[in-house]
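Heads up: the structure comes next, in structure tokens.
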Amino acid sequence: MTAKFKANSKLWLTQKYSPLELENKVRAFWDENQTLKKVAQIRQKNNKKQLGYVEGPPTLNGIPHIGHARGRVIKDFHYRLKVMQNYYVSFWAGWDTQGLPVELEVEKTLGAKNKKELIARVGEELFVEECKKSIMKYHKHWVDADTMLGMFIDQDKAYFTHQDRYIEREWQYLKRAWEQNLLGEGHYVVAYCPHCQTSLSNAEVGLGYQEVEDPSMLFKFKVDQTENEYFIVWTTMPFTIITDMMLGVKPEEDYAKVKVKDEVWILAKERVEPIMEELEIENFQVTEVMKGKTLVGKKYDYPLKDLVPKQGELDKHPLVHTVVAEEFVDVTTATGIVHLAPANGEDDFLASQKRELPMFAPFGDGAIFTEDAGVFAGNFVRKTDSMVVEELEKRNLLLSIKKIKHEYPTCWRSKHKLVWLARREYFLWTNKLNKKVVDAALDVEYFFDSPKNRFLAFLKEGKPWCVSRDRIWGSPLPVWVCDECNHKVLVASRKELIEKAIDLPDKDFELHKPWIDRIKLKCEKCGGKMTREHFVLDVWHDSGSSPYARFSDEEFEKFVPTDFLTEAVDQTRGWANSLLLEHIIMTGKAEAPYKQFLFQGFVLDAKGRKMSKSLGNVLETSQMLKERSADISRYYLLGKCSPIDSMNFDPNELKKRPYQVLSTFYYLHNFFLQNAEYDNFDPTTHTLQWAKTENVLESPDCWVLSKVQRLVKVFTQKAEVCEFNSALSQLEDFVVNILSREYVPMIRKDLWSDEPETLNRRLAVYATLYYVLRKLVLLFNPATPFLSEALHQMIYKELDNSLAETVNLEDWPEPDQALEDDALEEEFAILQKTLPLVYSARQDSQLKRRWPLAKVVVVASTNVHNAIKKLEPLFLELANIKCVEYADSVPDVDSELWATATEDEITVLVDKVRDDSLEGEGLMRDLARRVQALRKELGFSPTDIVDAVHLAELEPRNVELLKPYIAEMEGLVRTKKIHIHDNADEFKADWHQDKLDKKKLYIAVV
RNA sequence: GGGCUUGUGGCUCAGUUUGGCUAGAGCGUUCGGCUGAUAACCGAAAGAUCGAGAGUUCGAAUCUCUCCAGGCCCA
């Protein structure tokens, strides 16, 4: 007899689960059959509904790491689930290709001291070419990683944010904003490097914190209309006194009036002592304490009006040079009163904007003061620090001047100290839309409360959006300004540009700098020449316009609002926000462009540290997937914890539980197929219906069939609400516990036989396994698509060719109520609670499970008794006991003769006494087990029949005990004859020494 | 510095919304057992002052406050 493993010949299904090999074969299969495309095409033609999806475009400036993989796996999980539920989803890739990170990469490649020098050297054309090369290099890495991961996202339909057709549609958002007066000029404070003469992004600012030395100046401003009252203030940037506009206090904190000599000083109460100590003032007296908010509106004498005439003009504004209350003021350091220079600090700036103060930003290129700064004009801002100190001293307003070392942002490139400067920028006045924004956001499903609250809290701030950037590689801001009359137009299409151009150097121009800057338009007002504003757009505007920009008009109608989007939690302020704002600008409706948004937690390293280049703990996806299974990685990423929690990723954990679950699932298929093929099981004729009609379904089958309905229900429900971890743990429990640990042992004995008269029973088991395993393959597919596809192709399609050509086109399982049986599940739960008690009692008395015993007494309530009675044959077989008795209370028994175990309300008593017959049978099972082990070791297949089995050096008493069971044993170990020898020397054979209860014996198999 | 979030045996996670029997599970470890699908599994043992401290309460992992540490976002 030969092995009954037909599918082996296909080279796909191997005896051993080797996920890497298997996944390679599945990848090749998908590739060869264009499965991804086919699935999409079929669903496009034939679907329950079309669902919109737009890809949150990864920036192509780095290699995808395991954190990205988490998001991609969740996206793919959702896609496959929806496809199997008969939806078409526009699951098309997209890439963010512009902006600072790309420019930095190119600067590095080309070697640059600073941007100005570089552009002067290579020119913008070459710079832009290099940017394109750079992104395409990374694009390849991303597509490779996606392929390795098994992402069924359509790469051919990908959008790239730098493509002209994308930019042109992105401009439509700006056009809508322009028409609604939601786009315009304003000021914003940005970090600026005076050496590189460029502004820096927040990300760049974060790169360059260093310890530097600055002046530490304590000074006073006189309260207006008083003789001797002063606000006490501290700063490390004396030059900002030049642009000073307000003083800030914290509204709910205590401030004190302190008498010092003949003056009254005002500062935070808790800072009085430390400041007096610092100034070495011993005689002082707190005369009054008041809340910060009571100081609001008090005017102070701005001391440098004579030097900065412009400040004198500003002083006429009712709020300029007065006290305001702001929550950001810190009363635990310095004096608890801060001076606010809106042109030189973001908090200051926002405080001024909120109150609609006029802007005073007297800076030119290189952070040099302009004429507006009076006597300070012509100086680099920080150079005036000492001048300001001097002037305050002259006016008796200086209390102390020292040096301080502190952490301060410097330019990561030139190491120069950064300054914050208000610059002219373009804004989307999204603050005007705030109510719509918040309302729209409230309608979205976020699945979990914490990210929702966080997102809403952020949105409620309702800040205007500064969309202009002073860079090269980006979508240009399509605003042209007349050189003559300053008239502005926004031109949002290529066609219109060509029509309006007076200077069009090249008809095939690209919508990028520098080409677009060469286009001059004719002013419709005065006929003058119009020049484009030099800005490019914030990259968040690029990606935020994807719902309109990546689709056609028709697709936009169909797919937006999209159904389900998911990104990491850092996108709260990023893409989730820009999508929302732009969509509201575009449609005018209080509607988000997504119905559901899942914010995922971050992936950290095994020790919970952030992954960073400097720590060297970044795990690249493709690199990892060369050695690790994609299925197992996917399973791990989805299953380890809730998607909103941050995850400590430890590659070593992949081979633990996730591997165990998937391998068990795989081996269950081995087990099923091995047996089913042997009996020529045909799922199309041997259906569950057939088994019912033939009356060959037994209680374990009905139980597992009922259980799987519940699994389908719960799994689907959990998956729909993004509790992937709970869904998978249900699946895991089913595979490992319900099927492998419980069901298989129950039906194993039915499969041992190969008699024709029990064939139908075996076929019923196969029908059950086929049904259950196939459901599991489908449930597994969104998480582990390689394994599911492999099993579908190798087993299910092999057995039933009418099935879909890929597992992805199979229908998602629906629970079948007809197969649910709550009462039976309850009975089995009782059985499974009682059995371990028997095992436990046996263990205590060293009674091996393969030794049959005479009797067990179950002491429990009636419903436990009834359940066991109903399942009695099964109970006895699994307990390996000949008979069971039932009792209501624990009888008084001799513990020498009875082994007991108790849990909750159930006690079992096991009869320890074994007569010769029981002992003989137990011995036979012991020996059989050892023979089986040897057979396996010698390479026999389970179904091979061996000529003879020889046993030697058994004790004489054991030989006697064994005799009645020789025939049974011959059947069990599949041999024609068992020979028993006193001594191994008697017979020449390949003897193997073994041990039975610490005594030597010899076995040979021929 | 601010907002949000996490902290539970060696490891990974439940449990916290709504306070309540002895804080659960899986992995790992040790001992024993089972096993012709399985690196699965079964029985038992060791192992947690539930981040620390204080408070509320008859009772706190759970509620409140403070602090410490990690993470995200923002300054």
Side-chain angles (χ1 to χ4, degrees), chain A residues 5 15-17 202 205-206 327-333 345-347 350 409 448-455 457-458 461 463 568-574 599-604 606-611 636 639-642 644-650 652-653 655-675 725-726 729 732-733 735-737 739-742 744-745 748 751-752 769 835-844 846-851 878 880 901 925 928-929 931-937 940-944 972-974:
Chain A
F5 218 167
Q15 204 85 49
K16 211 172 147 46
Y17 176 45
N202 284 333
V205 173
E327 283 298 332
F328 66 78
V329 176
D330 180 11
V331 295
T332 62
T333 60
E346 193 174 9
D347 279 336
L350 294 173
F448 300 92
D449 280 344
S450 66
K452 172 184 180 174
N453 295 340
R454 187 170 148 163
F455 188 40
F458 165 70
E461 289 175 22
K463 289 184 190 168
V569 65
D570 58 348
Q571 298 299 322
T572 309
R573 283 160 186 264
F599 292 102
Q600 317 135 24
F602 264 65
V603 177
L604 311 171
K607 292 177 187 153
R609 296 171 309 179
K610 192 180 172 173
M611 291 197 185
Y636 177 79
K640 171 151 173 162
C641 59
S642 162
I644 58 162
D645 289 341
S646 57
M647 171 190 291
N648 298 359
F649 188 97
D650 184 350
N652 292 319
E653 287 178 349
K655 29 180 205 247
K656 294 184 178 170
R657 194 62 179 168
Y659 173 82
Q660 290 171 353
V661 175
L662 297 193
S663 68
T664 300
F665 185 50
Y666 184 89
Y667 289 121
L668 277 164
H669 276 92
N670 252 352
F671 172 73
F672 160 71
L673 193 63
Q674 219 165 25
N675 289 287
N725 54 329
S726 313
S729 76
E732 173 173 326
D733 180 61
V735 168
V736 172
N737 291 327
L739 260 192
S740 174
R741 204 185 95 202
E742 290 165 356
V744 170
R748 178 172 274 148
L751 301 189
W752 275 350
L769 276 173
L835 273 174
L837 291 178
V838 175
Y839 301 150
S840 176
R842 278 174 169 273
Q843 180 83 21
D844 282 347
Q846 310 239 297
L847 296 164
K848 295 181 189 179
R849 219 190 295 172
R850 71 169 86 84
W851 291 350
L878 293 169
N880 196 17
R925 298 272 296 269
R929 155 78 196 118
V931 173
Q932 303 286 40
L934 183 59
R935 277 180 58 124
K936 191 176 189 179
E937 193 185 319
F940 289 99
S941 140
T943 48
D944 291 343
L972 209 55
V973 302
R974 289 186 167 263

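Chain A is the first sequence line, chain B the second, and so forth, proteins listed ahead of strands; every chain is numbered from 1. This structure is a prediction, so every number in the text was calculated from the model and none was measured.
Between the CG atom of A/Asp733 and the C1' atom of B/G26 there is a distance of 11 Å, rounded to whole Å. One interatomic measurement links the two molecules: CG of A/Leu739 to C1' of B/C41, which rounds to 14 Å at whole-angstrom precision. The interatomic distance linking A/Arg741 (CZ) with B/C41 (C1') rounds to 8 Å, in whole Å. Distance, A/Tyr636 OH to B/G26 C1': 13 Å, rounded to whole Å. Distance OH (A/Tyr666) to P (B/A39): 14 Å, rounded to an integer number of Å. Computed from coordinates, the A/Gln660 CD to B/A25 C1' distance equals 14 Å when rounded to whole Å. If you measure from atom CG of A/Leu604 to atom P of B/C13, you get 10 Å, rounded to the nearest angstrom. In this structure, A/Arg573 atom CZ and B/C73 atom P are separated by 10 Å, rounded to whole Å.
If you check every strand for non-hydrogen atoms under 4.0 Å, A/Tyr659 touches a base. Among the protein residues, A/Arg454 comes within range of the nucleic acid bases, having at least one heavy atom under 4.0 Å from a base atom. A/Arg748 comes within contact range of at least one nucleobase, with a heavy-atom separation under 4.0 Å. Across all strands shown, A/Asp645 has heavy atoms under 4.0 Å from sugar-phosphate atoms exclusively, and none from any base. In this structure, A/Asn737 reaches neither bases nor backbone, as no heavy-atom distance under 4.0 Å exists between it and the strands shown.
Between B/A61 and B/G55, the two P atoms lie 15 Å apart (nearest whole Å). Between the P atoms of B/G15 and B/C58, the separation comes to 29 Å (whole Å). Straight-line distance between the P atoms of B/U49 and B/G43: roughly 27 Å, to the nearest whole Å. Straight-line distance between the P atoms of B/C67 and B/A75: roughly 24 Å, to the nearest whole Å. Straight-line distance between the P atoms of B/G71 and B/U57: roughly 38 Å, to the nearest whole Å. B/A37 and B/A48 are spaced 38 Å apart, taking the C1' atom of each and rounding to whole Å. Distance check on atom P: B/U17 versus B/C63 gives 5 Å, rounded to whole Å. Remark: the separation of the C1' atoms in B/G59 and B/G19 is 8 Å, to the nearest Å.
Residue A/Phe602 places its side chain closer to B/C73 than to any other of B/C73, B/A37, B/C11. Taking the side chain of A/Asp347 as heavy atoms from C-beta on, and the options B/C42, B/A75, B/U12, the nearest nucleotide is B/A75. If you check B/C73, B/C42, B/A37 against the side chain of A/Tyr839, the one that comes closest is B/C42. Side-chain atoms of A/Asp570 lie closest to B/C72 of the nucleotides B/C72, B/A39, B/C13.
Interatomic distance, A/Asn648 CG to A/Phe602 CZ, rounded to the nearest 0.5 Å: 14.0 Å. Residue A/Leu739 holds its CG atom at 12.0 Å from CZ of A/Phe672, rounded to the nearest 0.5 Å.
In this structure B/G19 sits in no base pair that meets the Watson-Crick or G-U test at under 3.5 Å. Both distances falling under 3.5 Å, in either a Watson-Crick or a G-U wobble arrangement, place B/A45 opposite B/U29. Remark: B/C4 base-pairs with B/G71; criterion is Watson-Crick or G-U wobble with both hydrogen-bond distances under 3.5 Å. B/U66: Watson-Crick or G-U partner is B/A52, with both key distances under 3.5 Å. Remark: B/U57 base-pairs with no nucleotide; criterion is Watson-Crick or G-U wobble with both hydrogen-bond distances under 3.5 Å. For B/A14, there is no paired base (Watson-Crick or G-U wobble, both distances below 3.5 Å).
When each of A/Pro745 and A/Asn725 is assigned the nucleotide of RNA chain B bearing its nearest heavy atom, the one mapping closer to the 5' terminus is A/Asn725. In this structure, A/Val569 and A/Arg925 both approach RNA chain B, and ranking their closest nucleotides by distance from the 5' end singles out A/Arg925.
Closest of all the heavy-atom pairs between A/Thr572 and A/Arg454 is OG1-NE, 4.3 Å. A/Ser646 approaches A/Leu604 most closely through the heavy-atom pair OG-CD1, 4.0 Å.
Counting only heavy atoms from C-beta outward, the side chains of A/Glu732 and A/Val735 never approach each other to under 4.5 Å. Taking 4.5 Å as the limit, some side-chain heavy atom of A/Phe671 sits within range of a side-chain heavy atom of A/Val744. Side-chain atoms of A/Phe649 and A/Tyr636, non-hydrogen and from C-beta on, do get closer than 4.5 Å to each other.
Ring-plane geometry between A/Phe455 and A/Phe458 is classed as parallel, the angle between the planes falling under 30 degrees on a 0 to 90 degree scale with a further cut at 60.
Residue-to-nucleotide contacts include a donor-acceptor pair under 3.5 Å from the side chain of A/Ser740 to the base of B/A37.
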